[in-house]
Amino acid sequence: QVQLVESGGGLVQPGGSLRLSCVASGFIFSSYIMRWYRQAPGKERELVATIDRLSSTHYADSVKGRFTISRDNARNTVYLQMNSLKPEDTAVYYCTHRGAYWGQGTLVTVSS
């Protein structure tokens, strides 16, 4: 069955960086678009970044220029490199396959 396992979250100071990973299994990873979402406390889940099977990318305006999504099809893994982090980036970050399957999420806290 489909499984998505995120990792890499943690506590970081404003201006710092983190790299999130999402390891996928149970489907042909290289054939599908992958997306990262986030959900901050008390807010709705929002789309952060998308990468298609040819590695074309799209970003939310709020993270453009600071976050980079990438994929390694040999490792069935999608990454989210997050630089210049801000307190408003604090959220649980999720990867998703087709919007139907979600990982457990990884918490990112940006605070001094």
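Since the structure is predicted, the reported quantities are computational estimates derived from the model, not experimental observations.
Formation of a donor-acceptor pair under 3.5 Å by the Thr90 side chain with backbone atoms of Thr109 is not found in this model. Side chain of Asn73 to backbone of Asn76: no donor-acceptor contact under 3.5 angstrom is found. A donor-acceptor pair under 3.5 Å is formed between the side chain of Glu6 and the backbone N or O of Cys95. Looking only at distances, no side-chain donor or acceptor of Gln39 sits under 3.5 Å from a matching main-chain atom of Tyr93.
You'll find the side chain of Leu4 reaches within 4.5 Å of the side chain of His97, heavy atoms only. For the pair Ile69 and Tyr79, the minimum side-chain heavy-atom distance is 4.5 Å or more. Leu47 places a side-chain heavy atom less than 4.5 Å from the side chain of Arg35. Counting only heavy atoms from C-beta outward, the side chains of Pro14 and Val110 approach each other to under 4.5 Å. Between Thr96 and Arg98, every side-chain heavy-atom pair lies at or beyond the 4.5 Å cut-off. Side-chain contact between Ser70 and Ser55 is absent, with no heavy atoms from C-beta onward closer than 4.5 Å. At least one side-chain heavy atom of Leu85 sits under 4.5 Å from a side-chain heavy atom of Leu18.
The minimum heavy-atom distance between Arg71 and Phe29, with the atom names listed, is NH2-O, 2.7 Å. Closest approach of Thr77 and Ser21 over heavy atoms only: CG2-CB, 4.3 Å. Nearest heavy atoms, Val48 versus Val63: O-CG2, 3.7 Å. For the pair Ser17 and Ser84, the tightest heavy-atom approach, listed with the atom from each and the gap, is OG-N, 4.4 Å. Heavy-atom minimum distance, Val5 versus Gln104: CA-OE1, 3.8 Å. Closest approach of Met82 and Val108 over heavy atoms only: CE-CG2, 3.7 Å.
Remark: Leu54 CG is packed, more than 12 non-hydrogen atoms of other residues, nucleotides or ligands lying under 6.0 Å away. In the displayed structure, Glu88 atom CD is contacted under 6.0 Å by more than 12 heavy atoms of other residues, nucleotides or ligands. Within a 6.0 Å radius of OH in Tyr59, other residues, nucleotides and ligands contribute more than 12 heavy atoms. More than 12 heavy atoms of other residues, nucleotides or ligands lie within 6.0 Å of NZ in Lys64, so this atom counts as buried by the packing criterion.
By the criterion of side-chain heavy atoms lying less than 4.5 angstrom apart, applied directly or through intervening Ile, Leu, Val, Met, Phe, Trp or Tyr residues, Val12 is grouped together with Leu20 in one hydrophobic cluster.
For Tyr32 and Phe27, the distance between ring centers is under 6.0 angstrom. You'll find the ring centres of Trp102 and Tyr37 inside the 6.0 Å limit.
The CD atom of Glu46 sits 5.0 Å away from atom OG of Ser62, with the distance rounded to the nearest 0.5 Å. Expressed to the nearest 0.5 Å, how far CD1 of Ile33 lies from OG of Ser56 amounts to 9.5 Å. Considering CG of Leu80 and CZ of Phe67, their distance stands at 6.0 Å, rounded to 0.5 Å.
Taking the ring axis of Tyr94 as reference, the NZ or CZ atom of Arg38 does not stay both within 45° of it and closer than 6.0 Å to the ring centre.
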